[in-house]
Each structure stands twice: as structure tokens, then as C-alpha cells.
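The structure under discussion appears below in the form of C-alpha cells.
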Protein chains: 2
Amino acid sequence: MPGRSKRKPPEPAAPKSVPQAVVNRLSYYLRELQHLLRQGVQTISSSQLGQRLGFTDAQVRKDLAYFGQFGYPGIGYRCHELAEAIRRILGTDQQWPVALVGVGHLGQALLGYKGFSQQGFVFEAAFDVDPELIGRQLAGIRVYHLDRLPQIVQSHKIRLGIIAVPASAAQAVADRLVESGIQGILNFAPVTITVPPQVSLVGVDLAMELEQLSFSVLHRQRESR
Amino acid sequence: MPGRSKRKPPEPAAPKSVPQAVVNRLSYYLRELQHLLRQGVQTISSSQLGQRLGFTDAQVRKDLAYFGQFGYPGIGYRCHELAEAIRRILGTDQQWPVALVGVGHLGQALLGYKGFSQQGFVFEAAFDVDPELIGRQLAGIRVYHLDRLPQIVQSHKIRLGIIAVPASAAQAVADRLVESGIQGILNFAPVTITVPPQVSLVGVDLAMELEQLSFSVLHRQRESR
DNA sequence: TGGTGTGAATGCCTTCACAGCG
DNA sequence: CGCTGTGAAGGCATTCACACCA
């Protein structure tokens, strides 16, 4: 292992409170670094990295500075090293067992999506209430009745849950996920759901993304995300 | 029509430059208002609306003030009226013809997703390069070869494009969408794509959303979106 | 009384600019 | 010389607090 001496502790975690926007950009940095690595790029400067993503060089450096010192003056950042560090920060250096609830069109698409496992998110089980689906295997994942959620979450040590059920069922499903001891929820149902503070929640509303786009087209502002 | 007299012009557009975050919240307001309306709620105050979404009352009022005056002192906001106004601002009072490019798992799920049409986004055509798919109808939408994109975008007056192809093909598809005269792109491929400034761009990276979640779980911050 | 709209104050994030290092 | 890390400055966005209205 590279035993560099004076360099801040290899950032095990976030120091104080990191702006949400910074964490968001971290994901962009990681994605870009992974592309660069695939192309064989070894090092990159903050300005080059920023340019590719539409951020300033100062922003890149400040963002990374929240978590430690990763750069080499005169050189830039070593892509592999930095990617590794960001993975550790985001948690994608570990495996995250995931449960999917709701095996409709969207749910099935998510089960088949390769991008998740590449970042360490692995589906352990899927759940639904439709008797047609229960007992089947989809993309290699077994579908269980929703009632078996607590049992299987615990036995498979599942930490994250994805909600892909109709809006009307989303809050009830969220409640059951929370009861089952899940730590974070990604909600695709187009409703606001509430969870206790010790559970993390991220929502994605596909129609809302299109709304942001139509607004942007109508008022012709610059690009968004 | 309700002929109220002194009240700012019914906000045809955004005045100067509206923060992106405000536009984002507008979508949340609209979604919540639509729920409220379904429950028969007539009016709501900024504090009630904010509470349901985790925003402060001042924030709600400020956000709306960017676009005009919608509230009634002592009463709050009339849900129907406000929803209507926000739809006009976001552009979802009109119909937006949409083209889907990439009819894999995710693409098919999007074609079948009801939530889009409810907000005025209607798929006019889908495109792929897989001979297996071309000529078929999926969820009532015809799948064409990608080469026919310019022709069909123009004949159907398609304004928005959704990219649901592998990362490696995304930029090329984006270029073709732009050439075809599309005005906005929603990109689901996990890559940064670039488009000319007159074209709007919104990106959604599903794995990135899970990364935000795992970070949040690891560092146990409060909920995100 | 209950609630909006809005200037003023606050606080946070981004950008600047430069010392320091390889 | 090139490029990082970072205090200081600047610019936005959010919150406060209050005049005003029904």
C-alpha cells in the first residue's frame, strides 16, 4: 500500500455538516473519474475535471476539501486514488443489500438495471402483493409477498429499500419498510412520504423531472442537472 | 372566469432569473396541491402547505412571489387556482409531445408509466436500433428505427426527448436529437452529455440517487428530497 | 384574528486570490 | 511552473419580522 506520510487522515467520514449540493457533486466526480479510468487516464486537475462537468476548479477543490486532502500540487488528482476515496465517502466501497417493493413495469426495469450493482447496490429480494408475481424470479431475483418483508429484510440484512408502488400505497409501504428496520428509502412513487428521522429518504419523481425540463424550455434558462 | 380586479398580471412567465431550487419546489407544490384537490380541499395556507413538504411558510410565499400574487390574506391560497397557475408556469397546462430513444427495460417502463400523461407529457414515438423491436407497438407506442428520428420529430412536432440508451450511445443519441430540432432532453444514461445552449438538459442517474442515499445513511444526515 | 407579500437581516455556498509545495 | 488547499470576499437563497388586508 502507498505509504504517503503527511496527508490528512484518509477521511473515514464527513467532518461537520456537508452541504447536500456537495454530496451531490461527489457522485458526479465519481462517475466522471470512473469514465476517465476506463479510458486509461491516470491523473486529472481540478480545472479539467470541473470543465467536463460544468463546475469551476475552485468548486471541485472546495468540495473535496470537505473530506480531506487528495490532490498533489503541480500534478492534480490521481484518478484511481480519488475515485477510491469518494467511494469510501459515499459508501459505495461496500455492498448494500437492497429490497425492491413493487414489481410493476418500473420495478422490473430497476431489477434489470446493471448500473446499480456496479456501484455496490445488490437486490436481495423483491416484494409485491400480486399473486401472479409472487414466487417468481425476475432478473434472478425472487418475488415475495409483502407480508414477508420484515422476515427477509432481517435475514438478508437488507439496509435499503426502493419503493416502486402506486402513490396510494407508498406511505403504507414506507411504514412497513421502517418497521422492518430498513435504514434508507428511495421512493419512486409520486407522493411525499414521511419517515422517522433516523431513516434516510430520497425521492425521485419522474414526471417532476419532465416538468423541470418543460419549464426550462419555456423560459430558456441554461441546463439544469 | 373569476374577475378579481387588483392583482398582479396572471404571471405568463418568469420575471428575471428564478433560482433552480425554486422551480424545483414549484413541482412539489403542484404535486401536493393536486393531492389536496383530490381530497376536496379548497384552500390552504403557506404554513400548511410548507409543513406537508418540509418547507417553511416564508419559503412557500417567497417562492410563489417570484411569479405573481396568488394568495388571499386571511384565507391562504385557493388550491385549484394556484395549481392552475403553477401548471402555467411549469408549462404543464399544455401538451408536450415526447420521443423516447432506447426501448430496453427502462425505456419500456417509461412508456408504460401513467404519471407522465397526467402532467401533459405524451409519447408520440419510440426509437431503437434493435431489429427485434422496430415496427412493434409497446404500450400503444410505435417503435421506429433511430434513423427516422428527424423525420418523425418534425412531423409529430415533438419537443422533448428522453434518452434511455446505454451510456456508450448517449452522446450520439443526444446529438441526433439536437439535430432533429428537439428543445429539451431528459437523460437517463449515466454519463455527462453536452448539448448546445439553446437545448435544455436534465439528467437522472438512478445509481447516483442510491449513492446519495447510502451517504445519507452512513453519515446519518436528515432526509434529502 | 389569520394569513399574505416583502424589505431587511442572516446564513450558506461559491468564487476569488494567493501562499505554499512538488 | 503548475496546481492544490484555503482564508477572505462576494453573491444568493432562506428566514425574519412586520405592514397591510379580509
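Below, read A as the first sequence line, B as the second, and so on, with proteins coming before strands; counting in each chain starts at 1.
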Using a 4.0 Å heavy-atom cut-off, does A/G74 contact any base of the nucleic acid, only the sugar-phosphate backbone, or nothing at all? base
Name all residues meeting the side chain to side chain contact (heavy atoms under 4.5 Å, CB included) criterion together with A/Q118; count only those two or more places apart in sequence or in a different chain, and write none if there are none. A/K114
Which residues pass the side chain to side chain donor-acceptor pair (under 3.5 Å) test with A/S180, not counting sequence neighbours? none
Is the phosphate of C/dC16, meaning OP1 or OP2, less than 4.0 Å from a side-chain N or O of A/Q59? no
In terms of side-chain heavy atoms, does B/Q48 have a donor or acceptor partner in B/S45 at a distance below 3.5 Å? yes
Check nucleotides 16-20 of chain D for protein N or O atoms closer than 3.5 Å to its own N or O atoms and list the pairs.
unit_1	atom_1	unit_2	atom_2	d
D/dA17	N6	B/R61	NH2	3.3

To the nearest angstrom, the OH-C1' distance between A/Y72 and C/dG20 comes to 17 Å
What integer distance in Å separates A/L64:CG from D/dT4:C1'? 11 Å
How many Å lie between CG on B/N24 and C1' on D/dA13, as a whole number? 14 Å
Sequence neighbours left out, what passes side chain to side chain contact (heavy atoms under 4.5 Å, CB included) with A/L111? Give chain and number order. A/L100, A/V103, A/F123, A/A126, A/L138, A/A139, A/I141
Please state how far atom CD in B/Q20 lies from atom P in D/dA13, giving the value in whole angstrom units. 10 Å
Ignoring backbone atoms, establish whether A/Y66 has a side-chain N or O less than 4.0 Å from OP1 or OP2 of C/dC12. no
B/I75 CD1 - C/dG2 C1' separation (whole Å): 9 Å
B/F188 meets the ring-ring contact (aromatic ring centres under 6.0 Å, His included) criterion, sequence neighbours left out, with none
Let me know the distance between CG of A/D63 and P of C/dC12, rounded to the nearest Å. 17 Å
Would you please name every residue forming a side chain to side chain contact (heavy atoms under 4.5 Å, CB included) with A/E124, sequence neighbours left out? A/P97, A/V122, A/H156, A/I158
Rounded to the nearest 0.5 Å, the CG atom of B/L64 sits from the CG atom of B/L26 at a distance of 6.5 Å
Does A/Y77 make a side-chain N or O approach to OP1 or OP2 of D/dG5 shorter than 4.0 Å? yes
Heavy atom of residues 36-51 of chain B under 4.0 Å from DNA chain D: which residues? none
Provide, to the nearest angstrom, the distance between the CG atom belonging to B/D57 and the P atom belonging to C/dG3. 10 Å
For A/F127, give me all partners under ring-ring contact (aromatic ring centres under 6.0 Å, His included), at least two apart in sequence or on another chain. A/Y144
The side chain to side chain contact (heavy atoms under 4.5 Å, CB included) partners of A/T92 (sequence neighbours excluded) come to A/L30, A/R87, A/L90, A/Q119, A/F121, B/E211, B/S214
